[in-house]
Amino acid sequence: MSLLITLFNVLSRLVYFYTILLVVYALMSWFPGAYQSKLGQMLGKICEPFLDLFRRLPLQFGGIDFSVMAAIIALNIALEVLQKILISLIY
């Protein structure tokens, strides 16, 4: 069981790190030419495939794209569901 807990902790930290990457990628839109920098291109390769799933949804209101927020919420919900499944397996 401690292996499952360790795996969940590692997964939780990866989700937290990916969330930070998504926020940084979203904040880069405030700076002209940031997506063309090396950091922007690297983050684009990491974040765009996941964000494309949410950009298909109508999440743009008044020129603001809420797909990053939806992606972060979906990641956290998936982590919560996995945590509840893990807790039910342990107890």
Side-chain angles (χ1 to χ4, degrees):
M1 287 301 160
S2 75
L3 177 64
L4 286 176
I5 294 170
T6 304
L7 287 175
F8 178 76
N9 285 335
V10 169
L11 182 65
S12 176
R13 288 174 192 235
L14 287 173
V15 167
Y16 177 75
F17 181 69
Y18 194 69
T19 299
I20 291 172
L21 291 179
L22 287 172
V23 170
V24 169
Y25 188 70
L27 291 176
M28 289 178 76
S29 68
W30 293 359
F31 302 101
Y35 290 132
Q36 286 75 31
S37 69
K38 294 286 184 190
L39 178 65
Q41 291 173 0
M42 181 183 68
L43 285 177
K45 289 179 182 177
I46 295 170
C47 297
E48 281 295 327
F50 185 61
L51 288 175
D52 284 342
L53 299 172
F54 296 93
R55 290 204 171 121
R56 296 176 188 164
L57 303 172
L59 297 173
Q60 295 181 358
F61 304 104
I64 299 173
D65 187 11
F66 292 99
S67 60
V68 174
M69 186 184 305
I72 291 171
I73 290 170
L75 271 177
N76 287 313
I77 288 173
L79 190 64
E80 284 289 322
V81 168
L82 189 61
Q83 181 182 16
K84 294 202 185 292
I85 292 171
L86 181 64
I87 288 172
S88 69
L89 286 175
I90 291 174
Y91 298 110

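Since the model is a prediction, treat every value here as computed from it, not as a measurement.
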Self-check item: Inter-residue atom distance Leu51.CG - Leu43.CG, 0.5 Å rounding
Solution: 10.5 Å

Practice problem: Answer whether the closest heavy-atom distance between the side chains of Met42 and Ile46 falls below 4.5 Å. | Solution: yes

Quiz item: Do Leu79 and Leu53 share a hydrophobic cluster, counting only Ile, Leu, Val, Met, Phe, Trp and Tyr and linking them when any side-chain heavy atoms are less than 4.5 Å apart?
Solution: yes

Practice problem: Answer yes or no: is there a donor N or O on one side and an acceptor on the other, between the side chain of Tyr35 and the main chain of Tyr25, under 3.5 Å? | Solution: yes

Quiz item: Does any non-hydrogen side-chain atom of Ile72 lie less than 4.5 Å from one of Asn76?
Solution: yes

Quiz prompt | Leu3 side chain near Leu7 side chain, heavy-atom distance below 4.5 Å | solution = yes

Quiz item: Are Leu14 and Ile77 connected, step by step, through hydrophobic side chains (Ile, Leu, Val, Met, Phe, Trp, Tyr) whose heavy atoms are closer than 4.5 Å?
Solution: no

Practice problem: Drop me the distance from Glu48's CD to Gln41's CD, to the nearest 0.5 angstrom. | Solution: 12.0 Å

Self-check item: Residues Arg55, Gln60; criterion side chain to side chain contact (heavy atoms under 4.5 Å, CB included); working and verdict
Solution: CA-CA 9 Å; Arg55 290 204 171 121; Gln60 295 181 358; 5.7 Å; no

Practice problem: Please check if Ile87 and Val10 belong to a single hydrophobic cluster, counting links between Ile, Leu, Val, Met, Phe, Trp and Tyr side chain heavy atoms closer than 4.5 Å. | Solution: no

Exercise. Please check if the side chain of Ser12 supplies one atom and the backbone of Phe8 the other of a donor-acceptor pair under 3.5 Å.
Key: no

Practice problem: Working to the nearest 0.5 Å, report the span between OH of Tyr16 and CG of Leu21. | Solution: 11.0 Å

Exercise. Output the distance between atom CG (Asn9) and atom CD (Gln83), rounded to the nearest 0.5 Å.
Key: 9.5 Å

Quiz item: Say you draw a straight line from CD of Glu80 to CD1 of Ile73; how long is it, rounded to the nearest 0.5 Å?
Solution: 13.0 Å

Exercise. Run through Asp52, Leu59, Leu57 and flag the one making a side chain to side chain contact (heavy atoms under 4.5 Å, CB included) with Ser67.
Key: Leu59

